[in-house]
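Values in this document were obtained by computation on a predicted structure and should not be read as measured data.
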Amino acid sequence: MTNEPELKLPKLTNGDFYRFHTMIKPSGSQCNLDCAYCFYLHKEELLQQPQAPRMSDSLLESHIRQYIEAQTGDEVIFTWQGGEPTLMGLDFFQRVVELQKRHQKPGQRIENDLQTNGILLNDEWCAFLAEHNFLVGLSIDGPAELHDLYRYSKGNKPTFERVMAAAELLHQHKIVFSALCVVNRSNARKPIDVYRFLRDQVRPRIIQFIPGLEPGDFRSVAPGHWDWDKLPTLGSPAAKPGNPDSVVADWSVSPDDWGYFLTRVWNEWFKRDYGKVFVDQFENVISQMFGRGPQKCVSGRICGKALAIEFNGDLYSCDHFVYPEYKLGNIRDVHQGDLVFSEQQKKFAFAKSDTLPQYCRSCAYLELCWGECPKNRFIKTPDGEKGLNYLCSGLKTFYAKITMDRAELGRRLAL
């Protein structure tokens, strides 16, 4: 039995539909790699985490119970991330499955996914993941010469061969997995090499591309709390990586390279792989173009339903907003459902569209973009208005290309 108090959920009992997603960090920011571009390793210092943070059994049960209790959908998805979640060990995840079964509502489906660097995966791990139908996300940035640029061990050793061995293990155990590729300043310039490698060599069920970028002061300054007087304007040298006064960390993808990368991969995918290879960015934008809504939070009009919980029960507005300024509370003190639907979190959610600059509101691609992720809105419009997304020019390039292909997309969808 849990030692945590069983907080009640008074607000969500009126029969309405409630659904949200909380990313779980059971080992905090602890990781067995030392990737140059990691946006989470610094949380150890920022949040004053202990050297080897671990979510306790009692807190784990409180989270699982509250998370299931606060949602009325027929499916509840648990996402395990870090840091590196496999550092918790198999016994922890066996306990996870046991507790999920204990608190599962009648007729409810429980799903799990786990994002990993793959280093600790072995036959025992894979047998467990296969038995319990975990969807695995494997982090890999392309061929060895691109992957090993930024993804290395604590001793600065390359990791590519070990990640590829993990991919083969996943295939051997018939585990559904996605390849998560961080598009950074280097691999962004080789889009076809990266895409073909992932498609043909890694062979995942899903390919995910995420832009690797952070402001230069991301280790100490929370999103939205920037000094706007010091931030650059769209198109200026400081709004790109590689300049002495750049607003972003040196490894960050440039806006134009992000547009180039997505457009080149789209051309290859649309010509050869449409309907055969699942690239989440492409499926997302097609869904939007044809009135089925966004599949990714970064493309939605509001956000706020994708939160993050730390090993100690602290709940934050978003995985990319794990800063003291965005802490909602602790699930030991307030039920998770109440924190998720609190006024503080509602304000966070609607700020995404409410704070858009006029430059975005008058954009032809507004309803495909909605300003992308608020964590990236740290440059100014040509008129000097604050809150423009750093990736704006690249996103426009990509949206212009797919808009040109809209008629052909419609024809294919009708078949």
Side-chain angles (χ1 to χ4, degrees), residues 23-41 77-94 96-97 111-184 186-187 190 193-210 212 277-280 319:
M23 185 177 293
I24 310 140
K25 311 275 190 174
S27 57
S29 63
Q30 188 182 27
C31 190
N32 48 359
L33 297 189
D34 199 17
C35 302
Y37 56 54
C38 184
F39 75 97
Y40 216 79
L41 283 174
I77 299 174
F78 286 80
T79 294
W80 306 91
Q81 206 186 60
E84 173 53 42
T86 59
L87 290 171
M88 294 297 294
L90 259 178
D91 288 348
F92 175 85
F93 285 98
Q94 288 165 345
V96 163
V97 173
E111 301 287 350
N112 287 280
D113 59 72
L114 180 144
Q115 184 64 41
T116 179
N117 56 41
I119 300 301
L120 295 181
L121 294 186
N122 55 25
D123 284 317
E124 186 180 10
W125 262 106
C126 288
F128 168 83
L129 295 170
E131 178 184 358
H132 297 288
N133 298 310
F134 273 61
L135 170 64
V136 174
L138 185 67
S139 297
I140 184 165
D141 290 349
E145 65 273 15
L146 296 175
H147 175 91
D148 285 335
L149 278 175
Y150 299 119
R151 298 193 64 83
Y152 35 75
S153 70
K154 296 293 185 185
N156 293 322
K157 302 293 185 183
T159 61
F160 176 80
E161 295 299 334
R162 295 161 79 184
V163 177
M164 286 301 292
E168 287 308 310
L169 269 177
L170 292 169
H171 280 298
Q172 289 170 23
H173 286 265
K174 296 181 170 52
I175 295 170
V176 175
F177 75 98
S178 64
L180 177 64
C181 175
V182 177
V183 181
N184 52 65
S186 297
N187 63 1
K190 296 188 175 181
D193 291 349
V194 171
Y195 174 65
R196 289 178 179 172
F197 169 78
L198 295 175
R199 181 192 65 195
D200 301 336
Q201 303 301 316
V202 182
R203 311 184 317 280
R205 177 75 61 86
I206 302 165
I207 297 175
Q208 297 174 274
F209 296 117
I210 62 172
V277 177
F278 190 106
V279 180
D280 73 335
D319 179 35

**Asked** By side chain to side chain contact (heavy atoms under 4.5 Å, CB included), which residues pair with Glu124, not counting sequence neighbours?
**Response** Leu90, Asn122
**Item:** Full working for side-chain contact (heavy atoms from CB on, under 4.5 Å) between Val279 and Gln208
**Value:** CA-CA 6 Å; Val279 180; Gln208 297 174 274; over 6 Å; no
**Request:** May I ask you to decide if the ring planes of Phe160 and Phe197 are parallel, tilted or perpendicular, using 30° and 60° as cut-offs?
**Result:** tilted
**Request:** List the steps and the verdict of side chain to side chain donor-acceptor pair (under 3.5 Å) for Asp34 and Tyr150.
**Result:** CA-CA 8 Å; Asp34 199 17; Tyr150 299 119; over 6 Å; no
**For Asn112, side-chain hydrogen bond (donor to acceptor under 3.5 Å, both in side chains) partners two or more places apart** = Trp80, Gln100
**Prompt:** Would a 4.5 Å heavy-atom cut-off, applied to side chains only, mark Phe93 and Met88 as touching?
**Reply:** yes
**Test ring-ring contact (aromatic ring centres under 6.0 Å, His included) applied to Phe134 and Phe78, Phe128, Trp125, the passing residue** = Phe128
**Fill in**
Contacts of Arg203 meeting salt bridge (Lys or Arg N to Asp or Glu O under 4.0 Å) (sequence neighbours excluded), chain-then-number -> Glu168
**Complete:** Output for pair (Leu170 CG, Leu129 CG), nearest 0.5 Å, gives 7.5 Å
**Nearest-0.5 Å distance that lies between atom CD1 in Ile207 and atom OG in Ser178** = 10.0 Å
**Fill in**
Contacts of Glu145 meeting salt bridge (Lys or Arg N to Asp or Glu O under 4.0 Å) (sequence neighbours excluded), chain-then-number -> none
**Message:** Is any side-chain heavy atom of Thr159 closer than 4.5 Å to one of His147?
**Reply:** yes
**Item:** Distance-minimising heavy-atom pair for Ser153 and Leu33
**Value:** CA-CD2, 3.9 Å
**Request:** Not counting sequence neighbours, which residues clear side chain to side chain contact (heavy atoms under 4.5 Å, CB included) with Leu146? List them please.
**Result:** Pro143, Leu149, Asn187, Lys190, Val194
**Request:** Check whether any side-chain heavy atom of Cys126 sits under 4.5 Å from a side-chain heavy atom of Ile175, and report yes or no.
**Result:** yes
**Request:** Output all residues satisfying salt bridge (Lys or Arg N to Asp or Glu O under 4.0 Å) with Arg196, sequence neighbours left out; order by chain, then residue number.
**Result:** Glu268
**Request:** Nearest 0.5 Å please: distance from the NZ atom of Lys157 over to the CG atom of Asp148.
**Result:** 12.0 Å
**Item:** Worked check of side-chain contact (heavy atoms from CB on, under 4.5 Å) between Arg151 and Val163
**Value:** CA-CA 10 Å; Arg151 298 193 64 83; Val163 177; 5.8 Å; no
**Prompt:** Distance from Arg205 atom CZ to Leu135 atom CG, nearest 0.5 Å?
**Reply:** 9.0 Å
**Partner residues of Asp280 under the salt bridge (Lys or Arg N to Asp or Glu O under 4.0 Å) criterion, sequence neighbours left out** = Lys296
**Item:** Atom of Pro85, atom of Gly82 and distance for their closest heavy-atom approach
**Value:** CD-N, 4.0 Å
**Item:** Lys25 side-chain N/O to Gln81 backbone N/O, donor-acceptor pair under 3.5 Å
**Value:** no
**Asked** What's the spacing between Ser27 OG and Phe92 CZ if we round to 0.5 Å?
**Response** 8.5 Å
**Request:** Just say parallel, tilted or perpendicular for the rings of His171 and Phe177, cut-offs at 30° and 60°.
**Result:** perpendicular
**Which residues share a side chain to side chain contact (heavy atoms under 4.5 Å, CB included) with Lys174, sequence neighbours left out** = none
List, one per line, each side-chain donor-acceptor pair under 3.5 Å for residues 113-121, sequence neighbours excluded.
| residue | atom | partner | partner atom | Å |
| --- | --- | --- | --- | --- |
| Asp113 | OD1 | Thr79 | OG1 | 2.9 |
| Asp113 | OD2 | Thr79 | OG1 | 3.0 |
| Gln115 | NE2 | Gly137 | O | 3.2 |
| Gln115 | NE2 | Ser139 | OG | 3.0 |
| Thr116 | OG1 | Glu84 | OE2 | 2.7 |
| Thr116 | OG1 | Gly118 | N | 2.9 |
| Asn117 | OD1 | Ile119 | N | 3.0 |
| Asn117 | ND2 | Asn32 | OD1 | 2.8 |
| Asn117 | ND2 | Glu84 | OE1 | 3.2 |

**Message:** What verdict does the side-chain contact (heavy atoms from CB on, under 4.5 Å) test give for His173 and Asp123, after you've listed the backbone C-alpha separation in whole Å, the side-chain angles of each residue and the deciding distance to 0.1 Å?
**Reply:** CA-CA 8 Å; His173 286 265; Asp123 284 317; 2.9 Å; yes
**Asked** Can you name the residues that form a side-chain hydrogen bond (donor to acceptor under 3.5 Å, both in side chains) with Asn156, not counting sequence neighbours?
**Response** none
**Residues that Tyr152 engages under ring pair (Phe, Tyr, Trp, His ring centres under 6.0 Å), provided they are two or more places apart** = none
**Request:** Sequence neighbours left out, what passes side-chain hydrogen bond (donor to acceptor under 3.5 Å, both in side chains) with Glu111? Give chain and number order.
**Result:** Arg109
**Asked** Taking atom SG of Cys35 and atom OH of Tyr37, what is their separation to the nearest 0.5 Å?
**Response** 5.5 Å
**Asked** Quick one: does Asn184's side chain have a donor or acceptor within less than 3.5 Å of a partner on Gly212's backbone?
**Response** no
